[in-house]
Trainee: 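Attaching a single structure in structure tokens format; questions to follow.
Below, chain A is the first sequence line, B the second, and so on; all start at residue 1.
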2 protein chains.
Amino acid sequence: MSNAPNATVERILDAAETRIKLTGYNAVSFRELADAVSVKSASVDYHFPAKADLGVALVKRYHERFFEALAANTASATPRQKLRAFAALYREALNNNGAICLCGMLGAESGGLPRPVVRAVRGFFEANIAWIGAVLKDGALSDAPRDDATLIVASLQGALMLAASLDDLSVYDRAAKRIARFAFA
Amino acid sequence: MSNAPNATVERILDAAETRIKLTGYNAVSFRELADAVSVKSASVDYHFPAKADLGVALVKRYHERFFEALAANTASATPRQKLRAFAALYREALNNNGAICLCGMLGAESGGLPRPVVRAVRGFFEANIAWIGAVLKDGALSDAPRDDATLIVASLQGALMLAASLDDLSVYDRAAKRIARFAFA
DNA sequence: GTCTATAAGATGATAGAC
DNA sequence: GTCTATCATCTTATAGAC
């Protein structure tokens with residue numbers, strides 16, 4: 001297996017992530033991904049024997065990249081800056097119009113997904129809540145850090161969905177601004 | 001067409017609503033709905049020539065029922081009571097474990113849905129925001145009623161998704177309680 | 001309004017050549 | 001690691017009998 005940045009596996013994951021963020025897990029097929037990376041669908045099956053394998057690999061990569069970027073963006077930040085960096089990172093999902101957070105999409109569709117994918121998505125959200133909870137606690141910004149962390153994650157995820165549905169990205173920006181004001185400004 | 005409460009059309013819509021709230025639009029097939037109501041899939045096609053027709057009818061019914069229930073539950077309520085009634089009505093989606101709001105699901109999947117369905121979902125959210133905005137204004141509960149209304153809808157929708165994903169209904173209840181505290185308590 | 005039958009295509013997945 | 005070829009199944013949708 002090559003480590004080249006454009007290795008087939010990575011390109012398949014890229015194509016899958018872009019599409020699932022827009023249309024959901026069940027709307028994306030192996031053939032569609034194969035076409036997108038100019039291979040045959042048998043090659044996709046070679047790398048991901050079952051669709052659930054692709055789903056798990058995708059969420060795992062998303063999870064890792066998210067926290068790597070979060071760490072990089074908050075190296076010497078105050079608690080308030082950390083929370084703003086978190087909201088800014090969530091927003092990147094909207095850059096491809098109509099797309100939302102990968103895990104927001106899969107979380108909504110949980111009831112119809114393979115169990116291993118559901119577990120991976122749950123792990124992403126638990127890590128999100130733990131991270132924000134630690135920041136709130138560190139900054140003494142909340143009297144109930146875990147509840148407020150959960151609310152912040154829920155609000156930002158809901159704002160992504162609503163922005164996509166209403167086709168108005170400013171919905172997210174205005175929501176994030178008011179969350180900051182109410183919860184930790 | 002009969003007006004009996006169990007007419008086939010209504011039973012198909014019931015089955016579709018239950019399933020789409022759990023697994024999403026693309027995971028639900030006509031055959032599955034036909035089996036659920038004990039008819040053949042050709043009968044489903046008779047009532048809904050295309051899947052988009054079913055989607056639009058479903059969202060339209062959901063929209064109408066939601067605002068009928070909201071009106072009934074807030075007949076002589078104060079603004080604060082109205083907002084609590086709204087949050088309580090949203091919560092009913094969670095009664096079937098793992099399910100979320102029909103429009104929350106379809107809003108997330110917008111990028112892969114037929115345009116008429118997308119428009120109907122958008123109409124639901126716009127009506128939600130307008131209703132809450134009017135309540136906030138009426139009760140002088142916000143200095144930016146429209147922005148706060150949008151944030152409240154986003155937060156409650158996100159809380160439904162997160163509660164389903166984490167398989168913990170208390171996530172919604174705790175979020176709703178804290179939204180009330182920050183925004184209008 | 002529901003049925004049987006079927007079309008025409010997509011889907012996840014596998015076997016085996018290169 | 002990618003390919004061709006194929007499978008069994010599912011998908012939305014239609015035609016026509018009852």
Trainee: Is it the case that the side chain of B/Glu68 and the backbone of B/Arg65 share a donor-acceptor pair, with hydrogens and angles ignored and the cut-off at 3.5 Å?
Mentor: no
Trainee: Report, one line per pair, each donor and acceptor closer than 3.5 Å where one atom sits in a side chain of residues 173-180 of chain A; sequence neighbours left out.
Mentor:
residue	atom	partner	partner atom	Å
A/Asp173	OD1	A/Arg91	NE	2.6
A/Asp173	OD2	A/Arg91	NE	3.4
A/Asp173	OD2	A/Arg91	NH2	3.1
A/Arg174	NE	A/Ser170	O	3.4
A/Arg174	NE	A/Ser170	OG	3.4
A/Arg174	NH1	B/Asp147	OD1	2.7
A/Arg174	NH2	A/Ser170	OG	3.0
A/Arg178	NE	B/Asp148	OD1	2.4
A/Arg178	NH2	B/Asp143	OD1	3.2
A/Arg178	NH2	B/Asp148	OD1	3.3
A/Arg178	NH2	B/Asp148	OD2	3.2

Trainee: Between A/Arg61 and A/Asp14, is there a salt bridge with N-O shorter than 4.0 Å?
Mentor: yes
Trainee: Below the 4.0 Å mark, does D/dG1 have OP1 or OP2 next to a side-chain nitrogen or oxygen of A/Ser43?
Mentor: no
Trainee: If the condition is side chain to side chain contact (heavy atoms under 4.5 Å, CB included), which residues does B/Asp53 pass it with, not counting sequence neighbours?
Mentor: B/Phe48, B/Pro49, B/Ala50
Trainee: Please lay out, stage by stage, how A/Glu17 and A/Lys60 fare under the test salt bridge (Lys or Arg N to Asp or Glu O under 4.0 Å).
Mentor: CA-CA 12 Å; A/Glu17 184 174 325; A/Lys60 193 179 164 193; over 6 Å; no
Trainee: Taking OP1 and OP2 of D/dC3, is either one under 4.0 Å from a side-chain nitrogen or oxygen of A/Lys40?
Mentor: no
Trainee: Heavy-atom contacts under 4.0 Å between residues 20-33 of chain A and DNA chain C, which residues?
Mentor: A/Val28, A/Ser29, A/Phe30, A/Arg31
Trainee: With the criterion being N/O to N/O and under 3.5 Å, what pairs connect the protein with nucleotides 14-18 of chain C, and how long is each?
Mentor:
none

Trainee: Is any NZ, NE, NH1 or NH2 atom of the basic residue among B/Arg122 and B/Glu126 found under 4.0 Å from an Asp or Glu carboxylate oxygen of the other?
Mentor: no
Trainee: With a 3.5 Å cut-off and sequence neighbours excluded, list the donor-acceptor pairs that the side chains of residues 25-34 of chain B form with protein atoms.
Mentor:
residue	atom	partner	partner atom	Å
B/Tyr25	OH	B/Lys51	O	3.3
B/Ser29	OG	B/Glu32	N	3.2
B/Glu32	OE1	B/Ser29	N	3.1

Trainee: Please give me the minimum heavy-atom distance between A/Ala15 and A/Ala36, naming the atom from each residue.
Mentor: CB-CB, 4.0 Å
Trainee: Charged N to carboxylate O below 4.0 Å: is that the case for B/Lys21 and B/Glu92?
Mentor: no
Trainee: Counting heavy atoms from C-beta on, name the nucleotide in C/dT2, D/dA13, C/dG12 closest to the side chain of B/His47.
Mentor: C/dT2
Trainee: For residues A/Leu58 and A/Leu13, report the shortest heavy-atom separation together with the two atoms involved.
Mentor: CD1-O, 3.4 Å
Trainee: Work out how much the helix from C/dG1-D/dC18 to C/dC18-D/dG1 bends between its end axes, five pairs an end, to the nearest 10 degrees.
Mentor: 10°
